[in-house]
**Student:** 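Below you will find the structure I want to go over with you.
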Amino acid sequence: MGTTAGSKGDGRRILVHPLAVRITHWINVIAMLVMVMSGWRIYNASPIFSFKFPVDVTLGGWLGGALQWHFAAMWVLAINGIVYLLYGVIAGHFKANFLPLTPRAVLAEFKKALHGKISHEVGVYNAVQRAAYVGVVAVIVVVVLSGLVVWKPVQFQTLGALMGGFEGARILHFFAMAAIVLFVFVHVVMVAIVPKTFLPMLTGYAKRAGEGHGS
Ligand code: HEM
């Protein structure tokens, strides 16, 4: 995207998603799936609200098993996330692809989308995509930090105090999960609406024809 789009590739194809973004994106998807499904099983053992998640969509079989999955995938999620953030900052990926980002542009793009017009130019994220991607990255940082407090409340008590203590961190962790699940739902629906965005996220390349973006 941005700097990458148009900078590499042959006459007909342009590099839309650099390898580092593709690898970290798909590792994140797998780690997040394990985290959410095992997290739902852990939640069921001691629900915060008056509902439980259906056992069929949970992972781990029982509390102990779910905790093993959660703690294993946690390292993958966190280390992969750090690699993505470092790459994003050092290689200029965030600056080139997520900026500029203004509330006015997001609102204008959102209004267009409501009228069924979604911008999809090869190699450029529209303002709503930029806001959604920056937002979900921020929420993933929050889910990891609140998870640290729930995991080790004594060691991370200063961070915990900022979240209203152990219970506050648990509630924050839950709502951050809910925001991520909501993002993924809308994100996947958008990919289904604009399916030509899918292959470039696997291969890196898109046709140069001047069309083809917007999930
Ligand atoms: C935990 C789940 C997911 C998260 C947090 C996530 C997040 C993101 C982010 C942040 C980007 C922008 C990447 C960048 O340029 O730095 C992105 C792009 C993309 N994601 Fe996901 N994603 C998730 C799941 C999925 C799934 C399940 C699919 C497959 C249907 C998918 C398909 C795509 C595609 C096709 C793009 C490129 C969109 C475009 O070029 O317009 N993502 N995703």
Side-chain angles (χ1 to χ4, degrees), residues 1-9 13-40 57 59 70 73-74 76-101 109 112-113 117-144 147 176-215:
M1 320 286 315
T3 41
T4 46
S7 59
K8 285 183 190 166
R13 300 187 318 157
I14 49 173
L15 179 64
V16 182
H17 301 294
L19 187 64
V21 169
R22 282 179 279 145
I23 291 178
T24 50
H25 178 268
W26 292 115
I27 289 179
N28 177 68
V29 171
I30 295 164
M32 193 58 88
L33 191 71
V34 173
M35 290 304 278
V36 169
M37 289 176 68
S38 57
W40 287 351
V57 294
L59 182 70
H70 212 65
M74 154 185 112
V76 179
L77 185 88
I79 293 167
N80 183 65
I82 290 169
V83 170
Y84 173 72
L85 288 177
L86 285 177
Y87 174 82
V89 172
I90 294 167
H93 171 71
F94 292 152
K95 193 168 175 234
N97 297 284
F98 296 164
L99 296 178
L101 181 57
E109 191 64 47
K112 265 171 61 186
K117 285 181 220 141
I118 300 170
S119 310
H120 28 86
E121 190 188 328
V122 171
V124 183
Y125 290 137
N126 66 46
V128 170
Q129 280 181 291
R130 288 175 187 204
Y133 296 156
V134 170
V136 78
V137 169
V139 174
I140 292 173
V141 171
V142 170
V143 94
V144 170
M177 173 281 294
I180 292 165
V181 171
L182 181 68
F183 164 86
V184 175
F185 178 76
V186 175
H187 188 51
V188 172
V189 167
M190 293 310 291
V191 174
I193 292 173
V194 192
K196 60 188 159 196
T197 58
F198 183 73
L199 220 53
M201 204 36 161
L202 288 177
T203 64
Y205 289 90
K207 283 197 189 122
R208 198 185 274 278
E211 77 255 9
H213 249 272
S215 37

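All ligand and atom numbering here is 1-based and tracks the order in the structure. Given the structure is predicted, the values throughout are model-derived calculations rather than measurements.
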**Student:** Out of all atoms in ligand 1, which are within 4.0 Å of some heavy atom of His93? Include the element for each.
**Tutor:**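 Those of ligand 1 that fall under 4.0 Å from His93 are 14 (C), 15 (O), 16 (O).
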**Student:** Examine distances only and state if a side-chain atom of Asn28 and a backbone atom of Thr24 form a donor-acceptor pair shorter than 3.5 Å.
**Tutor:**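 Answer holds: no.
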**Student:** Taking only heavy atoms of His17 into account, list the atoms of ligand 1 that are under 4.0 Å away from them.
**Tutor:**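 Reading through ligand 1 atom by atom, the close ones are 37 (C), 40 (O).
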**Student:** Using modelled atom types only, decide if a donor and an acceptor are shared between the side chain of Arg22 and the backbone of Leu202 within a distance under 3.5 Å.
**Tutor:**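 It does hold such a pair.
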**Student:** For atom 19 (C) of ligand 1, which candidate among Met190, Met32, His187 provides the closest heavy atom?
**Tutor:**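 Looking at heavy atoms only, His187 sits closest to atom 19 (C) of ligand 1.
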**Student:** At a 4.0 Å threshold, what atoms of ligand 1 neighbour a non-hydrogen atom of Phe98?
**Tutor:**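 Counting atoms of ligand 1 from 1, those under 4.0 Å from Phe98 are 14 (C), 16 (O).
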**Student:** Which of these, Val36, Val191, Asn126, Val29, has its nearest heavy atom closest to atom 30 (C) of ligand 1?
**Tutor:**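 Considering heavy atoms of Val36, Val191, Asn126, Val29, the nearest to atom 30 (C) of ligand 1 sits in Val191.
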**Student:** Stepwise, does the side-chain contact (heavy atoms from CB on, under 4.5 Å) test hold for Tyr87 with Val21?
**Tutor:** CA-CA 8 Å; Tyr87 174 82; Val21 169; 3.8 Å; yes
**Student:** Applying a strict 4.0 Å limit to heavy atoms, is Trp26 in contact with ligand 1?
**Tutor:**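 Yes, Trp26 has heavy atoms under 4.0 Å from ligand 1.
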**Student:** Can you find an N or O of Thr197 that's nearer than 3.5 Å to an N or O of ligand 1?
**Tutor:**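 In this structure, Thr197 places no N or O atom under 3.5 Å from an N or O of ligand 1.
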**Student:** Any chance you could lay out the side-chain contact (heavy atoms from CB on, under 4.5 Å) test for Thr197 and Met201, step after step, and finish with the verdict?
**Tutor:** CA-CA 7 Å; Thr197 58; Met201 204 36 161; over 6 Å; no
**Student:** When only distance counts, is Tyr133 in polar contact with ligand 1, meaning an N/O pair under 3.5 Å?
**Tutor:**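 No, Tyr133 has no N/O under 3.5 Å of an N/O on ligand 1.
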**Student:** Heavy-atom distance under 4.5 Å between the side chains of Val184 and Val136, does that happen here?
**Tutor:**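 With C-beta onward as the side chain, the pair stays apart.
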**Student:** Under 4.0 Å from any heavy atom of Asn28, which atoms of ligand 1 are there?
**Tutor:**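 It comes down to these atoms of ligand 1: 1 (C), 4 (C), 5 (C).
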**Student:** Which bit of Tyr87 gets closer than 4.0 Å to ligand 1, counting heavy atoms only: side chain, backbone, both or neither?
**Tutor:**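 Neither part.
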**Student:** Checking Lys112 now: which residues fulfil salt bridge (charged side-chain N to carboxylate O under 4.0 Å, His left out) with it, not counting sequence neighbours?
**Tutor:**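 Scan of Lys112 (salt bridge (charged side-chain N to carboxylate O under 4.0 Å, His left out), adjacent residues dropped) gives Glu109.
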**Student:** With a 4.0 Å cut-off on heavy atoms, does Phe94 reach ligand 1?
**Tutor:**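 Contact check Phe94 vs ligand 1: negative.
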**Student:** Determine, using ring centers only, whether His187 and Tyr133 are less than 6.0 Å apart.
**Tutor:**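 Between Tyr133 and His187, the centre distance is under 6.0 Å.
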**Student:** My understanding is that only residues two or more places apart in sequence, or in another chain, count here; which of them pass ring-ring contact (aromatic ring centres under 6.0 Å, His included) with Phe94?
**Tutor:**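 Phe94 satisfies ring-ring contact (aromatic ring centres under 6.0 Å, His included) with Tyr84, Phe98 once adjacent residues are dropped.
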